[in-house]
J.: 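Quick one: the structure is below, questions incoming.
Because only heavy atoms are used, hydrogens play no part in the values below, and waters and symmetry mates are left out as well, while side chains stay in.
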Amino acid sequence: MDAPSDLPYDERRADALITVTADAVAGPSAQTPNAEILIMDRSLSMTGHKLDEAKRAMWAAIDTLRDGTLLAVVAGNHEADVIFPTAGGLARVDARTREDAKLRVAGQLAEGGTAIGKWLAHARRLFASVESPGTVRHAVLYTDGKDEHETPEQLGEILASCTDHFVCDARGLGDDWRYTELLRVTEALHGSAEAVVTISDLTEDFASLMREAQRIVVPRVYLGLRLNSRFQLAFVRQTRPVEAELTARQQRGEETHVPLGSWPPETRQYQISLRFDPRSLTVDETLRAARITLHAEFPDGTRRPCAESAAMVVRRRSTPGFGIARSPDLTRVENERELGMAMRACADAQLRGDLERADRELRLAIGLAESLRDTARLRSLRAIAADGPDGLPRVRRDVARGRILGIGVDSTKTARRPVDPHEDDRPLQDAGACHVCPRCGTRSTSPKARFCEECGHRLGDAGAADGPRDAL
């Protein structure tokens, strides 16, 4: 845990970065039981080549599943149908059921509209029929269109009902879907989102998703927070490897549990932010703001601590904000978030035809990615960029819409922090006063901040307090 204890005299917020690693069990061990639901878009826009390629991807996914996995296939348009197994529930994968599932996929025809929420609600009901405790519940869906046959509120209600019941990866095909809808699904259901511009790439992508799903070693993980009465939870945010707002809460006695999804062997990072009235803290008094405990679901279905608790300790100093050095890791997290905001602002401007704004946001995003040495997002940005008449980067005028949607999706993917062998030797320097957002009044944690992390407003835009918010 990285939690700077010293707080400026007038500070109203305390932050901590929690880094968690899940390791595979050494030596022979029983495999974690898996339940898999494949969700295929069979709406009318999938007619022809797209549906043929999607079927091949579904077949590849089915072939990749190991024997014994519980499997169901949902076909969706403006409604949702379980096309395998026909008897209901989920079926165990073996040679016979594998071929039966592939035949059911092959028989699907393109018709109707799109209602992603109905597809997910069907998956939730199917997963509820799995009685085995400690089972990994994983779904994957693709869509080539917009979620036009339900309201955003209806989708939100369904996502809330699905959170902590299963995890879901999502893929956008072609160039006529909304990246914000895809990110909304994967943020709520702890999955990954990708833009598949070349439809034939979906086959290998789905096979890879199935291999990754079978590496999951912990079905459910929770961040447990026990707060001092003088502090309130402002937000919990996943910061690595993908940014996501974690809004689900479960109250268990005096402890608040935040669902973190299912885990393969990997490392993830979270930012916890607490708010408080500075007048409630005595100057130079050291106190515990929160106790943080990691819980996991064990094979018998019980939820128990799986690591030692950590205390988040703070101390209000008599020094104002500019006199206390900031955590370099927390500053990097804020800068990475700003990069994501700039990428989404670029994508949104391009999609609505505001080319001048898109070019400006592209240059801002490229500069942030270079300073962060975020090679993956920098590569995505340069793929849509060309030099303009003034020699500055601008969005290519012939760039495909699917590539722009990919920028929106890639905006949430954060890089591993580069290691600088000389970093520890450099003195921390104050970079000036922090910004105050003209829209919501929130003070930034970094003086270099370009976006308000509370409301998404771009800082420094004169007279733009009522301008467009971040697309998320």
J.: Kindly indicate whether a cation-pi arrangement holds for R303 with F298, taking the cut-offs as under 6.0 Å to the six-membered ring centre and within 45° of the axis.
T.: no
J.: Charged N to carboxylate O under 4.0 angstrom, R382 versus E370?
T.: yes
J.: Do D284 and R315 sit within salt-bridge range, that is, some charged N less than 4.0 Å from a carboxylate O?
T.: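 Answer for the salt bridge query: no.
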J.: Return the minimal non-hydrogen interatomic distance between M343 and A365, and the atom names on each side.
T.: CG-CB, 4.0 Å
J.: Looking at R377 and K413, what are the two nearest heavy atoms and their distance?
T.: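 For R377 versus K413, the nearest heavy atoms are NE-O, 2.8 Å.
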J.: Can you tell me if R137 uses its side chain to pair, donor with acceptor, with the backbone of V130 under 3.5 Å?
T.: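 It does hold such a pair.
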J.: Grab the two heavy atoms, one from L126 and one from A72, that are nearest each other, plus how far apart they are.
T.: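 Residues L126 and A72, closest heavy atoms: CD1-CB, 3.9 Å.
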J.: Are any side-chain N or O atoms of S5 and backbone N or O atoms of V314, one a donor and one an acceptor, separated by less than 3.5 Å?
T.: no
J.: Just by distance, with hydrogens left out, do D300 and T302 show a side-chain donor and acceptor under 3.5 Å apart?
T.: yes
J.: Does anything in residues 261-292 form a ring pair (Phe, Tyr, Trp, His ring centres under 6.0 Å)? List the pairs, not counting sequence neighbours.
T.: F231-F276
J.: Does R125 CZ have over 12 foreign heavy atoms under 6.0 Å away?
T.: yes
J.: Between R171 and D205, does any NZ, NE, NH1 or NH2 come within less than 4.0 Å of an OD or OE carboxylate oxygen?
T.: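 Salt bridge between D205 and R171, a charged N being under 4.0 Å from a carboxylate O: yes.
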J.: Taking all non-hydrogen atoms of both residues into account, name the closest pair between T163 and A248 and its distance.
T.: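 Heavy atoms of T163 and A248 come nearest at CG2-CB, 3.7 Å.
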J.: We want to know whether R230 and S280 form a side-chain donor-acceptor pair, criterion being a heavy-atom distance below 3.5 angstrom.
T.: no
J.: Of the non-hydrogen atoms in S380 and D410, which two are nearest, and what is the gap between them?
T.: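 Where S380 meets D410 most closely, the heavy atoms are OG-OD2, 3.0 Å.
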J.: State, yes or no, whether a side-chain contact exists between R240 and E336 at a heavy-atom distance under 4.5 Å.
T.: yes
J.: Answer yes or no: is there an ion pair linking E11 with R279, defined by an N-O contact shorter than 4.0 Å?
T.: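 Not counted as a salt bridge, because no side-chain N and carboxylate O are separated by less than 4.0 Å.
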J.: For A234 versus R275, what's the shortest heavy-atom pair and its separation?
T.: CB-CG, 3.4 Å
J.: Give the table of side-chain donor-acceptor pairs shorter than 3.5 Å for residues 206-213, with sequence neighbours excluded, one pair per line with atom names and distance.
T.:
| from | atom 1 | to | atom 2 | distance (Å) |
| --- | --- | --- | --- | --- |
| R211 | NH2 | E204 | OE2 | 2.7 |
| E212 | OE1 | R215 | NH1 | 3.1 |
| E212 | OE2 | R215 | NH1 | 2.8 |

J.: To the nearest 0.5 Å, what is the distance between CD on Q214 and CD on E36?
T.: 7.5 Å
J.: Decide yes or no for T69 and R92: does some side-chain heavy atom of the first lie under 4.5 Å from some side-chain heavy atom of the second?
T.: no
J.: Indicate yes or no for a side-chain donor-acceptor contact from R344 to the backbone of G408 under 3.5 Å, with no hydrogens or angles considered.
T.: no
J.: R66 and N34: side chain to side chain donor-acceptor pair (under 3.5 Å), yes or no, with the steps?
T.: CA-CA 9 Å; R66 61 180 175 232; N34 283 69; 2.9 Å; yes
J.: Taking the side chain as every heavy atom from C-beta outward, state whether S309 and I292 have any atom pair closer than 4.5 Å.
T.: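 No. Closest side-chain heavy atoms not under 4.5 Å.
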J.: Given the ring of F127, does R124 sit roughly above its face, with NZ or CZ under 6.0 Å from the centre of the six-membered ring and within 45° of the axis?
T.: no
J.: Would you confirm whether T135, through its side chain, and E131, through its main-chain N or O, come within 3.5 Å as a donor-acceptor pair?
T.: no
J.: Is there a side-chain contact between H295 and E255 (heavy atoms, below 4.5 Å)?
T.: yes
J.: What distance do H190 atom NE2 and L246 atom CG have between them, rounded to the nearest 0.5 Å?
T.: 6.0 Å
J.: Looking just at side-chain N and O atoms, do R178 and T180 make a donor-acceptor pair shorter than 3.5 Å?
T.: no
J.: What's the separation between atom CD1 in I384 and atom CD1 in I407, rounded to the nearest 0.5 Å?
T.: 4.0 Å
J.: Quick one: does any side-chain atom of R332 pair with a main-chain N or O of L372 as donor and acceptor, under 3.5 Å?
T.: yes
J.: Within a reach of under 6.0 Å around CD of E308, are more than 12 heavy atoms found that belong to other residues, nucleotides or ligands?
T.: no
J.: To the closest 0.5 Å, what do you measure between OG (S273) and CZ (F235)?
T.: 4.0 Å
J.: Any ion pair linking E285 and R317 (charged N to carboxylate O, less than 4.0 Å)?
T.: no
J.: Using side-chain contact (heavy atoms from CB on, under 4.5 Å) as the criterion, point out the one residue from Q238, R337, Q269 that pairs with E243.
T.: R337
J.: Is a donor on one side and an acceptor on the other found under 3.5 Å between the side chain of T414 and the backbone of P241?
T.: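 Side chain of T414 to backbone of P241: a pair is present.
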J.: Name all residues meeting the salt bridge (charged side-chain N to carboxylate O under 4.0 Å, His left out) criterion together with R226; count only those two or more places apart in sequence or in a different chain, and write none if there are none.
T.: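 Salt bridge (charged side-chain N to carboxylate O under 4.0 Å, His left out) list for R226, sorted by chain: E254.
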J.: If you measure only the distance, is there a donor-acceptor pair under 3.5 Å linking the side chains of D15 and Q271?
T.: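 There is such a pair (donor and acceptor under 3.5 Å, judged by atom type) between the side chains of D15 and Q271.
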J.: Going by heavy atoms in the side chains, are L141 and C168 under 4.5 Å from each other?
T.: yes
J.: Answer yes if the side chains of D169 and H138 hold a donor-acceptor pair under 3.5 Å, and no otherwise.
T.: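 Judged by distance alone, the side chains do pair up.
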J.: One thing to verify: whether R268 and E266 come together as a salt bridge, which I'm taking to mean a side-chain N less than 4.0 angstrom from a carboxylate O.
T.: yes
J.: If we ignore hydrogens and angles and just use 3.5 Å, is the side chain of Y142 paired with the main-chain N or O of D41 as donor and acceptor?
T.: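 A pair under 3.5 Å: yes.
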